[in-house]
Asks: 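One structure, pasted below without further comment.
These values consider heavy atoms only, across backbone and side chains, with no hydrogens, waters or symmetry-generated copies.
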Number of protein chains: 2
Amino acid sequence: MVTINEVAVEAGVSPSTVSRVFSRPEVVNSVTRQRVTEVADRLGYTPNRIARSLAIGKSGNLGLIVPDIANPFFAHLIKAVQVEARQAGLALFIAETDEHRLDEYPLVKAMAKQVDGLVLASPRMSDSQIRELVEIAPIVLINRKLRGVQSVLIPSADGMRQAVDHLAALGHDGCVYLAGPRNSWTNLQRRSAIRGACRRHAMSYTEMGPFEPRFESGVRAADPLIAAGATAVIAYDDVIALGVISRLSEREVRVGREMSVIGVDDSPLAAIACPPLTTVRVPAAKAGAVAVRLLLDLLAGRDANGGLPTELPTDLIVRSTTAPAPAAR
Amino acid sequence: MVTINEVAVEAGVSPSTVSRVFSRPEVVNSVTRQRVTEVADRLGYTPNRIARSLAIGKSGNLGLIVPDIANPFFAHLIKAVQVEARQAGLALFIAETDEHRLDEYPLVKAMAKQVDGLVLASPRMSDSQIRELVEIAPIVLINRKLRGVQSVLIPSADGMRQAVDHLAALGHDGCVYLAGPRNSWTNLQRRSAIRGACRRHAMSYTEMGPFEPRFESGVRAADPLIAAGATAVIAYDDVIALGVISRLSEREVRVGREMSVIGVDDSPLAAIACPPLTTVRVPAAKAGAVAVRLLLDLLAGRDANGGLPTELPTDLIVRSTTAPAPAAR
DNA sequence: CAAGTTGCTGCAACCGCTTGCATACTTCGT
DNA sequence: ACGAAGTATGCAAGCGGTTGCAGCAACTTG
């Protein structure tokens, strides 16, 4: 591995000059610069990022923590974060908590010290734990609200309200909500939006769960749904909704006839499901991109947005899993 | 940020001792060690990974390059790699090439210098470029074969053969292959396996493409399929297959009746599609896990597996998108 | 023409940790 | 009781860059 010193002697300058050629080119004389760069790539020199990090006290890395990489919502989020980070010349660390709340804090803490900033997507840890992390590294939260910490939120209240309105218009006199993870801010949002909308429509509200956002959770949820005589169900997310549909079909309950099912996320899954899933669209990629931009602002000392959470809108996409209530037909 | 020195003065020992307490505890006297650790966590000291990396010349990081994070195949692969890396105490860098061949080499090269090892999933770059990268960092390839470079391969020949056999048994007298990316080793494998199997069954073989592995590619591919009078089609992957199905339904061609469609990957998408997609199962997660283990062996100097590629098997999962050829009914 | 600028480069300390070698103190064998 | 072997710690030189400060030459300016 060729170092700055070798380039220096070969080019007949001091190491400092070589360093400056790479870090602040404008301060070195153009002909010297020319010579140094030429020697540098003749020797195949490239700056050692680790050494540089140590000297300047920045790593040039961003970190991203998600509950589940394979969940389409997070997959798209990750993708956007990665693109945005690269554009800013930063590399991206990724870690997954696999929805295990306990591992989360030490994991994030370990990562916090080797990155310049962190985005936590749907963290499940406690407020105080997050506060401690904020002391270590700049942090932007996604779908988690905490006073004084930058965040981008997708409250999904609009979308959920639209979903319930839609069910009400179809004549359903109640709906059940298949709740997501207990410590999820998003879950709380959805629950209260649905509950509120149900009250306004004088519809009954039932809750089942909590469920991990997995296909199998939905499968497991279906039988109790039937047993409870439900006619309309809103799932925490598409993945769960699809599990429900799958089991419902097995039980020969016709989805989009006897039972209306609504998901959340509008993942690619929703459109191709059978029947196509009515769902609430959630801008995952947008959220990721915005989070990185907030983080960059934070790093640059620009106090973006006055520290207020950035909120992103959601809306209902009606497809074929929702139909008039059997009683209303 | 508290350093090793502060701990040293506070504990009344030299910095070297503190360092040893954290890196080689067994060589320091147990009572000293006790005292140092106690002081350390009273002061909230944690070793600076960057400094450590610089001193010992290892970063403790692994890198993973994938064409497309949001593609379910890679999402599961990433997940497995992440889990495996964490288990080994290594952090994981992820970068995506977004199927853009041109960016790939510089991107990987940049990453190669800040990691201890790299796994390249389905790289599209040239053999010689990969060879250059191998000089910089230990590399394990996934779905790419290169003499002298460790790799884990999913040739999918078995699965493809089974797929064609299946079509033949259903009375199809030909099949079309919707090809994947031109520079993809996987694509070449699939193509030649299908072609070979068609020849054995005296079936006609037609190829269309190449297509990027995206839903829209499949949508685009459907009309030419109909125009060509095809009765059976094997797509490069599930994502493309689902695009085809979607457009076919729009055109009111009944999939699993007039047209048989087979995908590859057995992503969660396949099972929930409408109708459920016949597909070739590909062990994405397994591939990721094995790749990391090979990489760790490489790093430890163990020459795993004698440098031979590890091959993972595939098999056909028959669901509802394949049916007897219309003419054979 | 002296004094003050300006532009470029080098010196050397430093970022926080690791580690080969030297040192000092024990312990043991004879 | 004395040298050898072993154990625990400290010293100091790195790892590969960065950067404040000083030095020097060439240029202005009054």
Side-chain angles (χ1 to χ4, degrees), chain A residues 1-41 43-61 89 91 110 112-116 136-137, chain B residues 1-41 43-61 89 91 110 112-116 136-137:
Chain A
M1 170 138 292
V2 28
T3 79
I4 219 173
N5 296 292
E6 307 171 30
V7 177
V9 317
E10 183 77 12
V13 297
S14 80
S16 344
T17 299
V18 179
S19 169
R20 281 191 270 257
V21 166
F22 286 89
S23 46
R24 248 155 356 111
E26 68 281 4
V27 305
V28 16
N29 181 294
S30 64
V31 12
T32 322
R33 190 194 322 150
Q34 187 74 34
R35 182 155 37 96
V36 171
T37 41
E38 191 235 303
V39 171
D41 49 45
L43 265 47
Y45 167 80
T46 47
N48 178 324
R49 285 190 59 145
I50 309 252
R52 178 160 219 277
S53 299
L54 180 58
I56 67 181
K58 294 181 200 297
S59 66
N61 301 146
K113 280 170 314 210
Q114 51 183 325
V115 299
D116 294 340
I136 307 181
Chain B
M1 168 138 294
V2 29
T3 77
I4 219 172
N5 296 292
E6 306 171 31
V7 176
V9 317
E10 184 76 11
V13 296
S14 80
S16 341
T17 301
V18 179
S19 169
R20 280 189 272 256
V21 166
F22 285 88
S23 45
R24 247 154 358 110
E26 67 280 4
V27 305
V28 18
N29 182 293
S30 63
V31 13
T32 322
R33 190 195 319 150
Q34 189 72 34
R35 182 156 36 97
V36 171
T37 41
E38 191 235 302
V39 171
D41 50 43
L43 264 48
Y45 167 81
T46 47
N48 179 324
R49 284 190 58 143
I50 309 252
R52 176 158 222 278
S53 299
L54 181 58
I56 66 179
K58 296 183 200 297
S59 65
N61 301 146
K113 279 170 314 207
Q114 50 182 327
V115 298
D116 294 340
I136 306 182

Asks: D:dA8 P sits how many Å from B:Glu26 CD, rounded?
Replies: 11 Å
Asks: Please determine whether a side-chain nitrogen or oxygen atom of B:Thr3 lies at a distance below 4.0 Å from atom OP1 or OP2 of C:dG16.
Replies: no
Asks: Can you tell me how far C1' of D:dG10 sits from CG of B:Asn29, to the nearest Å?
Replies: 15 Å
Asks: Picking from D:dG10, C:dG10, D:dG17, which would you name as closest to the side chain of A:Tyr45?
Replies: D:dG17
Asks: How close do B:Ser59 and B:Arg49 get, counting heavy atoms only, and between which atoms?
Replies: O-NH2, 3.4 Å
Asks: May I have the distance from A:Ile50 (atom CD1) to C:dG16 (atom P), rounded to whole angstrom?
Replies: 16 Å
Asks: Show the nearest heavy-atom pair for residues B:Pro15 and B:Ala8, with the distance to one decimal.
Replies: N-CB, 3.6 Å
Asks: Verify the distance criterion only: is there a donor paired with an acceptor across the side chains of A:Lys58 and A:Ser53 at less than 3.5 Å?
Replies: no
Asks: If you assign each of B:Ile56 and A:Gly12 to its closest nucleotide in DNA chain C, which residue comes earlier from the 5' end?
Replies: A:Gly12
Asks: Between B:Val27 and B:Ala55, which has a closest nucleotide on DNA chain D that is more 5'?
Replies: B:Val27
Asks: Within this structure, what is the CD-to-C1' distance between B:Gln114 and D:dG17, rounded to whole angstrom?
Replies: 15 Å
Asks: Locate the shortest heavy-atom distance separating A:Ala11 from A:Val39; write the atom from each residue and the value.
Replies: CB-CG2, 3.9 Å
Asks: Between A:Ile136 and A:Ala112, what is the shortest heavy-atom contact and its length?
Replies: CG2-CB, 3.9 Å
Asks: The side chain of B:Ser23 is closest to which nucleotide in this list: C:dT18, D:dG10, C:dT9?
Replies: C:dT18
Asks: Can you tell me how far C1' of D:dC15 sits from CZ of A:Arg49, to the nearest Å?
Replies: 18 Å
Asks: Nearest to the side chain of B:Val28, heavy atoms from C-beta on, is which of D:dT9, D:dG17, C:dG16?
Replies: D:dT9
Asks: From the options C:dC11, D:dG10, C:dG16, select the nucleotide whose nearest atom is closest to the side chain of A:Ser14.
Replies: C:dC11
Asks: Map B:Ala51 and B:Thr17 onto DNA chain C by nearest heavy atom, then report which one ends up closer to the 5' terminus.
Replies: B:Ala51
Asks: Between D:dG17, C:dC8, D:dA8, spot the one nearest the side chain of A:Arg52, thanks.
Replies: D:dG17
Asks: Whole angstroms only, please: what is the NZ-C1' distance between A:Lys113 and C:dG16?
Replies: 14 Å
Asks: Which of these nucleotides, C:dC8, D:dG10, C:dT19, is closest to any side-chain atom of A:Thr32?
Replies: C:dC8
Asks: Closest nucleotide of DNA chain D for A:Met1 versus for A:Arg24: which of these residues is on the 5' side?
Replies: A:Met1
Asks: If you check the A:Ile4 side chain, which of D:dT19, D:dG17, C:dC8 turns out closest?
Replies: D:dG17
Asks: For a quick test of reading the model: is some side-chain N or O of A:Ser19 closer than 4.0 Å to OP1 or OP2 of D:dG17?
Replies: no
Asks: Given C:dG10, is OP1 or OP2 found less than 4.0 Å from the side-chain N or O atoms of A:Ser16?
Replies: no
Asks: How many Å lie between CG on A:Leu43 and P on D:dG16, as a whole number?
Replies: 14 Å
Asks: Using modelled atom types only, decide if a donor and an acceptor are shared between the side chain of A:Thr37 and the backbone of A:Arg33 within a distance under 3.5 Å.
Replies: yes
Asks: Just checking B:Val18: base, sugar-phosphate only, or nothing, at a heavy-atom cut-off of under 4.0 Å?
Replies: nothing
Asks: Of all the choices, C:dG10, C:dT19, D:dG17, which nucleotide is nearest to the side chain of B:Arg20 once you look at every atom?
Replies: C:dT19
Asks: Rounded to whole Å, how long is the line connecting atom CZ of A:Arg35 with atom P of C:dC8?
Replies: 14 Å
Asks: Side chain of A:Asn48 only, heavy atoms from C-beta on: which candidate in D:dG16, D:dC11, D:dT18 is closest?
Replies: D:dG16
